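One-based numbering, in listed order, for ligands and for the atoms of each. Everything numeric in this text was worked out from a predicted model, so none of it was measured.
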Amino acid sequence: RRAFAVLTSGGDSQGMNAAVRAIVRVALYNYCDAYAIYEGYVGLVNGGSFIKKMGWGDVSGILSQGGTVIGTARCAEFRDYPGRLKAALNLLERGINNLIVIGGDGSLTGADLFKREWPQYLKDLLQQKAISEELAQRLSYINIVGLVGSIDNDLCGTDNTIGADTALKRIVESIDSISSTAASHQRSFVLEVMGRNCGYLALMAAIASGADWTFIPEQPHGDDWRVAMCDELKRNRERGRRMSLVIMAEGARDRSGTPITAEQVKQAIDSTLHHDTRITVLGHVQRGGAPTVYDRVLGTVCGARAVQYLLHNAGQVRPVVMGVSGSKYITIPLMESIALTQSVPVAIKSKEFARAVELRGPG
Ligand code: F6P
């Protein structure tokens with residue numbers, strides 16, 4: 001009987017629960033065992049009650065909930081070999097060698113390393129007599145599938161990550177609320193949204209709300225950003241606009257790499273245009289609340305496809321990520337997409353990459 005385990009790791013995102021539910025239920029539907037690993041890699045390293053065998057009813061009622069009901073955490077122990085060795089033993093003891101990780105690029109990189117080191121874990125555990133020869137042979141490899149759970153939409157190779165659509169909805173709703181009060185008082189607002197390295201949320205929110213100006217990490221401004229921004233805000237006011245809106249990603253920076261802060265933006269508007277300017281930092285509101293239809297469907301389909309991928313491809317397969325390109329669900333190689341993510345501005349390359357590397361079978 002095959003056994004599948006799922007964990008959520010890194011920052012939570014809306015739609016993770018839909019994915020967990022689909023993974024558990026598609027595994028059970030196919031007469032496999034399904035395990036949920038609670039609190040991300042912390043649970044994987046610590047085992048015991050952190051790793052729970054799941055029944056059909058254990059994932060009832062979670063589809064519409066934000067966050068992740070199986071918890072997530074940052075785990076220092078998993079960064080070191082002894083921690084990962086403990087994690088491997090926890091899976092081996094339960095007969096699990098199919099692991100589905102829902103998280104961002106850091107969590108997925110950890111999963112890839114875990115797979116590469118698996119033969120060494122077996123050797124060490126055999127030497128310690130912690131496992132039998134028979135078990136080591138039966139579970140001689142581990143298969144990994146990644147699902148990208150991140151509100152930032154920051155992984156190359158997939159058009160959308162699970163949670164980004166909901167976060168965007170939350171942001172645009174907030175902007176709509178701010179706009180009416182801003183226009184009433186003819187104020188300017190500087191709105192900071194999440195996105196340390198990726199400006200997707202800021203850029204899409206700016207387009208969807210008709211903002212006057214935006215700062216994103218992918219397109220750093222030159223020294224003259226204050227002049228250029230204030231000119232634009234002034235021009236728009238002269239056209240009859242009663243408010244001004246600047247949306248900035250938290251990772252906004254200038255061309256020298258120096259962060260541009262909301263306070264600096266406010267000061268520039270105050271001193272040049274003498275507007276009554278306010279700052280709103282949306283923070284974790286963006287990561288909360290019920291997932292949109294899109295994120296529920298994305299989480300569900302990617303979760304189901306992850307289990308199906310492992311069921312249909314017998315034996316060892318290289319780590320992949322379940323993603324989406326246009327209206328098509330795709331399977332892409334995990335490490336290539338992470339390497340590209342870390343080397344190029346996401347907004348520019350993701351679509352081309354998806355087309356170039358799409359897998360048609362096991363890698
Ligand atoms: O990676 C998702 C994200 O929401 C980023 O946009 C943000 O910078 C970060 O997580 C915040 O993380 P934390 O909740 O750990 O402060």
Side-chain angles (χ1 to χ4, degrees), residues 7-17 19 39-43 65-79 101-111 146-175 190-206 214-220 247-253 257 259-263 279-292 295 298-299 302 321 323 334 337-338 340-342 345-347 350:
L7 65 84
T8 50
S9 174
D12 66 313
S13 69
Q14 309 95 328
M16 280 182 163
N17 287 327
E39 319 308 337
Y41 287 117
V42 169
Q65 289 178 31
T68 163
V69 295
I70 62 172
T72 179
R74 311 217 184 269
C75 179
E77 245 189 305
F78 192 74
R79 295 213 183 100
V101 173
I102 311 173
D105 59 347
S107 311
L108 299 180
T109 305
L147 263 60
V148 201
S150 165
I151 65 163
D152 293 355
N153 201 11
D154 56 353
L155 198 92
C156 282
T158 180
D159 286 355
N160 274 300
T161 57
I162 299 165
D165 184 65
T166 310
L168 205 44
K169 179 170 188 278
R170 218 60 86 225
I171 293 168
V172 172
E173 278 169 359
S174 306
I175 295 172
V190 182
L191 184 86
E192 185 188 293
V193 300
M194 281 187 171
R196 259 182 303 219
N197 302 307
C198 181
Y200 175 84
L201 293 175
L203 187 60
M204 293 304 130
T214 184
F215 292 95
I216 56 170
E218 292 89 339
Q219 196 186 50
I247 300 180
M248 54 191 306
E250 61 182 332
R253 56 186 83 107
I260 298 175
T261 65
E263 191 53 44
I279 296 174
T280 299
V281 179
L282 271 190
H284 289 76
V285 166
Q286 297 158 85
R287 247 167 53 189
T292 57
D295 279 328
L298 184 63
C302 289
V321 168
L334 188 146
S337 80
I338 289 174
L340 197 68
T341 299
Q342 287 164 356
V346 171
S350 60

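- Assignment of G104 to the shell around ligand 1 is not supported, since no heavy atom sits closer than 4.0 Å.
- Heavy-atom separations between H284 and ligand 1 include at least one value shorter than 4.0 Å.
- Atom 15 (O) of ligand 1 has as its closest protein heavy atom R74 NH2, 2.7 Å.
- For E77, the side chain to side chain donor-acceptor pair (under 3.5 Å) criterion is met by K86, not counting sequence neighbours.
- Between the side chain of T161 and the main chain of S150, a donor-acceptor pair closer than 3.5 Å is present.
- Within a 6.0 Å sphere centred on CD of E173, other residues, nucleotides and ligands contribute more than 12 heavy atoms.
- For D152, a nitrogen or oxygen atom sits less than 3.5 Å from a nitrogen or oxygen atom of ligand 1, counting backbone and side chain alike.
- Using modelled atom types, one side-chain atom of T341 and one backbone atom of C156 make a donor-acceptor pair closer than 3.5 Å.
- Put simply, the side chain of N160 never gets that close to the backbone of N153: no donor and acceptor are under 3.5 Å apart.
- Every atom of ligand 1 with a heavy atom of E250 under 4.0 Å away is listed here by number and element: 5 (C), 6 (O), 7 (C), 8 (O).
- Closest to atom 9 (C) of ligand 1 among all protein heavy atoms lies R196 NH2, 3.6 Å.
- Proximity of I151 to ligand 1, defined as any heavy-atom pair under 4.0 Å, is confined to the side chain (atoms from C-beta onward).
- Judged purely by atom type and a 3.5 angstrom limit, Q14 has no side-chain atom pairing as donor or acceptor with the backbone of G67.
- Here the heavy atom of the protein found nearest to atom 10 (O) of ligand 1 is R287 NH1, 3.0 Å.
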